[in-house]
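It should be emphasised that the depicted structure is a prediction, and the values quoted were computed from it without experimental measurement. FYI, the numbering just counts along the sequence from 1.
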Amino acid sequence: MSELKLPSITPMSILTREEAIGLILSSFAMEELGLSQILHAEGEGQPQELEALPEVSSPMAAISGLLSMNEGIRETLQGMLSRKGTD
């Protein structure tokens, strides 16, 4: 994946309206890309977590493991959403 190239901005930089809008849109795009990478990583981790669940004779133990995995994913998503809402 290619890296975005943003211009160097100093406190004394004078930007045109179009340049400022472009930088704002680039910022949004980079944030969305970061969020999508977090979601992708969560999705990639699920099969490994499922394989790591112990072989159990009790269905309740298996359900407990799945609920624990689900809680971790929920916390990640909730953190992303609460962070997104504060921007």
Side-chain angles (χ1 to χ4, degrees):
M1 178 177 278
S2 64
E3 189 174 316
L4 294 175
K5 293 179 176 48
L6 298 176
S8 175
I9 298 175
T10 63
M12 300 303 290
S13 294
I14 298 175
L15 300 173
T16 66
R17 182 175 191 271
E18 289 78 19
E19 290 171 329
I21 290 171
L23 288 172
I24 291 169
L25 292 175
S26 295
S27 173
F28 290 157
M30 289 190 308
E31 183 176 5
E32 294 299 323
L33 180 62
L35 291 173
S36 72
Q37 289 175 341
I38 291 170
L39 287 174
H40 180 76
E42 283 293 329
E44 290 289 316
Q46 285 179 357
Q48 287 83 12
E49 290 182 42
L50 288 173
E51 289 175 7
L53 287 175
E55 293 293 326
V56 293
S57 58
S58 166
M60 291 307 291
I63 290 172
S64 175
L66 290 172
L67 290 174
S68 175
M69 181 180 73
N70 189 57
E71 179 65 19
I73 294 168
R74 189 189 64 75
E75 287 175 1
T76 299
L77 294 174
Q78 189 173 28
M80 289 170 54
L81 291 173
S82 65
R83 168 76 174 102
K84 186 79 170 153
T86 62
D87 292 342

Original post:
Do Ser36 and Leu33 have side chains that get closer than 4.5 Å, going by heavy atoms?
Top reply: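 Yes - at least one pair of side-chain heavy atoms lies under 4.5 Å apart.
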Give, for atom [atom1] of [X] and atom [atom2] of [Y], the distance between the pair rounded to the nearest 0.5 Å.
| X | Y | atom1 | atom2 | answer |
| --- | --- | --- | --- | --- |
| Ile21 | Ser26 | CD1 | OG | 12.0 Å |
| Leu23 | Met30 | CG | CE | 9.0 Å |
| Leu35 | Glu31 | CG | CD | 5.5 Å |

